[in-house]
2 protein chains.
Amino acid sequence: MLTPENDSPPVYREIADTLRIAIASGELSDGDRIPGENELMKRHGVARATARQALSVLINEGIAVAVRGSGVYVRGFSPLVRHGRRRLSKELWSTGRAIWGADTAERPFATDSVTVSEMRAPAHVARALDLDEGDRVLRRRRRYRLDDRPMQLATSYLPAELVAGTSVTRPDTGPGGIYARLAELGQAPAHFTEEIRVRMPSPDERTKLSLSPGTPVMHVMRVALTKEHRAVELNEMTLDGSAYVLQYDFDA
Amino acid sequence: MLTPENDSPPVYREIADTLRIAIASGELSDGDRIPGENELMKRHGVARATARQALSVLINEGIAVAVRGSGVYVRGFSPLVRHGRRRLSKELWSTGRAIWGADTAERPFATDSVTVSEMRAPAHVARALDLDEGDRVLRRRRRYRLDDRPMQLATSYLPAELVAGTSVTRPDTGPGGIYARLAELGQAPAHFTEEIRVRMPSPDERTKLSLSPGTPVMHVMRVALTKEHRAVELNEMTLDGSAYVLQYDFDA
DNA sequence: AAGTGGTCTAGACCACATC
DNA sequence: ATGTGGTCTAGACCACTTA
């Protein structure tokens with residue numbers, strides 16, 4: 001249509017903006033149906049591809065989700081608060097409660113597809129755990145679900161010689177989890193550091209977490225240290241960004 | 001083309017996967033040029049829209065960036081570490097150093113487009129600062145840049161009656177910033193809580209932070225409390241997700 | 001059966017970058 | 001001048017949902 005005005009925004013973007021404003025203003029709210037491709041074609045007199053492009057903007061922003069055969073809908077957001085400090089307080093795991101209970105106020109997290117294996121430490125793991133690159137580590141991978149919704153993927157690495165022969169090497173680590181077992185070995189975690197990155201998920205992460213398009217993930221790398229400052233665990237977590245709010249508190 | 005095989009992945013996705021693998025394997029690395037639309041059309045025998053769709057997948061994932069008139073390139077990632085605790089240690093702001101110096105190891109952050117205004121507290125601000133919804137707050141907005149690259153947008157809210165007549169109401173708050181001024185008022189921040197969300201940016205945020213498509217933002221909400229647990233500031237920050245790593249540490 | 005979104009083709013004109 | 005990505009049209013067939 002040879003864009004009559006000089007450098008006006010493209011049509012698909014203007015259509016997207018119209019819809020975005022309708023959503024932001026509350027005119028359309030969580031779960032409401034957004035005008036579909038056919039409706040936008042009629043309403044704005046554009047070709048199908050242009051209407052689609054407008055919708056794809058909102059979908060890639062995570063504001064809307066498309067449901068095949070049904071329509072496009074406004075997407076809600078009601079996340080879970082994950083509290084950095086309270087979650088890892090000593091009372092929790094030292095009394096046999098799983099750490100994951102802390103977030104969810106008694107709603108149980110389910111653990112999924114647990115795999116345990118021993119391997120040579122990858123470079124970044126060796127660095128975090130203060131090992132040499134050839135050293136062996138135990139790797140524990142699992143997925144967490146809440147009400148059947150997958151929420152997070154987690155991979156823990158521990159020095160293999162430290163946990164050899166303990167239940168940490170078995171799928172079920174017993175009451176209190178890994179940290180309780182480390183405490184029994186005299187290697188109780190006393191100090192934690194967490195690094196948080198955000199990015200778009202890989203295709204693998206998208207399927208494992210059932211993410212809809214436009215959903216970013218949080219990547220949390222946590223190192224657990226004993227009171228002697230020995231690094232005893234690296235936990236790499238990938239969280240569904242639409243499902244979590246991380247909370248930290250600290251003193252000046 | 002009537003998709004010959006049954007439920008094989010769509011062509012554009014297979015093309016995207018090919019490219020993704022080439023990137024992940026290091027065959028293509030940061031800044032390298034990715035095969036463009038014309039190249040993909042020839043190589044895979046598809047229409048232009050299909051080649052474009054394949055590239056748009058990578059762009060929306062933040063793996064690649066398109067440069068008009070030039071080509072599509074692999075995108076690098078070299079973030080800045082923002083340390084939750086060290087940044088806000090009392091020594092920093094109590095000795096007149098700006099908080100922002102802490103992240104960057106002496107590289108200076110520049111402040112941009114500062115606006116100060118007084119207004120009625122929005123609902124979420126009133127809640128965070130423990131005010132009534134009609135109460136007045138001072139709002140300070142600004143943008144931070146590092147080496148001319150915009151890194152973060154920040155909006156602070158403070159109870160208006162608390163800071164009336166101080167330099168907090170002026171664009172330049174003086175040495176040590178807001179927190180030093182609060183300390184002079186006997187309201188020194190002693191405790192902080194931060195909440196972190198991740199989402200895709202709004203169009204406004206995308207332009208203000210010069211974000212390329214596929215870049216999520218971190219949204220940090222920080223409340224500063226005095227030692228008497230009075231909430232004296234709410235700071236809402238929007239960080240370029242490709243530019244930051246947040247770090248926190250704490251004890252069990 | 002009708003409507004919806006998902007994929008794909010085959011064209012077109014534009015603005016911009018590089019040579 | 002040529003090639004690149006950006007936008008747009010006008011069709012087509014498919015799989016799925018809803019009624």
Side-chain angles (χ1 to χ4, degrees), chain A residues 1-19 28 31-75 203 206-207 212-214, chain B residues 1-19 31-61 63-75 203 206-207 212-214:
Chain A
M1 223 291 115
L2 41 129
T3 39
E5 272 76 27
N6 47 355
D7 68 351
S8 58
V11 178
Y12 79 91
R13 199 166 285 281
E14 289 190 325
I15 297 175
D17 288 345
T18 311
L19 295 172
L28 293 169
D32 282 2
R33 188 160 194 272
I34 292 176
E37 300 177 355
N38 296 325
E39 176 65 21
L40 293 177
M41 289 169 69
K42 272 181 297 192
R43 197 185 289 186
H44 295 91
V46 294
R48 180 146 183 253
T50 304
R52 269 185 80 70
Q53 200 173 0
L55 290 171
S56 83
V57 169
L58 303 180
I59 291 169
N60 278 318
E61 284 174 350
I63 294 175
V65 286
V67 182
R68 201 215 201 74
S70 170
V72 182
Y73 301 88
V74 179
R75 174 170 166 182
R206 184 153 52 241
T207 63
S212 43
Chain B
M1 223 290 115
L2 41 130
T3 39
E5 271 75 26
N6 47 356
D7 70 349
S8 59
V11 178
Y12 78 90
R13 199 165 285 283
E14 290 189 326
I15 297 175
D17 288 344
T18 310
L19 296 172
D32 282 1
R33 186 155 194 267
I34 294 175
E37 300 176 353
N38 297 323
E39 176 64 21
L40 293 177
M41 288 168 71
K42 273 181 295 193
R43 197 184 288 186
H44 295 93
V46 295
R48 182 150 181 251
T50 305
R52 272 184 77 70
Q53 198 172 2
L55 290 171
S56 84
V57 169
L58 302 180
I59 291 170
N60 278 318
E61 283 174 353
I63 295 175
V65 286
V67 181
R68 201 218 203 76
S70 169
V72 181
Y73 300 88
V74 179
R75 174 170 166 184
R206 185 155 50 239
T207 64
S212 43

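Just so you know, these numbers use all the heavy atoms, side chains as well, and skip hydrogens, waters and symmetry mates. Predicted model only: the values in this text are computed from it and were never measured.
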Problem - Closest approach of A:Arg33 to A:Leu28 (non-hydrogen atoms, all atoms of both residues) - result: O-CD2, 3.9 Å
Problem - Nearest heavy atoms of A:Thr50 and A:Tyr12, plus distance in Å - result: O-CB, 3.8 Å
Completion exercise
Between CE of B:Met41 and C1' of C:dG11 the distance, given in whole Å, is 10 Å
Practice task
Drop me the distance from B:Leu40's CG to B:Arg48's CZ, to the nearest 0.5 angstrom.
Solution key: 11.5 Å
Problem - Protein-nucleotide distance (B:Gln53, atom CD; D:dC8, atom P), rounded to Å - result: 17 Å
Completion exercise
Interatomic distance, OG@B:Ser212 vs CD1@B:Ile59, rounded to 0.5 Å, equals 9.5 Å
Exercise for the section: Kindly state each residue pair satisfying salt bridge (Lys or Arg N to Asp or Glu O under 4.0 Å) with at least one member in residues 49-67 of chain A, sequence neighbours excluded. Expected result: A:Arg20-A:Glu61, A:Glu37-A:Arg52, A:Glu61-B:Arg206
Practice task
Could you check how far CG of B:Leu40 sits from P of C:dT9, rounded to whole Å?
Solution key: 12 Å
Problem - Whichever of A:Tyr73 and A:Ala49 has its nearest DNA chain D nucleotide further upstream toward 5' - result: A:Ala49
Extract from the structure each pairing of a protein N or O with an N or O of nucleotides 1-5 of chain D at less than 3.5 Å, listing the distance.
| unit_1 | atom_1 | unit_2 | atom_2 | d |
| --- | --- | --- | --- | --- |
| D:dG3 | N2 | B:Gly69 | O | 3.0 |
| D:dT4 | OP2 | B:Asn38 | ND2 | 2.2 |
| D:dT4 | O2 | B:Gly69 | N | 3.4 |
| D:dG5 | OP2 | B:Glu37 | N | 3.1 |
| D:dG5 | N7 | B:Arg48 | NH2 | 3.3 |

Exercise for the section: List in chain and number order the residues that pass side chain to side chain donor-acceptor pair (under 3.5 Å) with B:Glu39, two or more places apart in sequence or in another chain; answer none if no residue qualifies. Expected result: B:Arg43
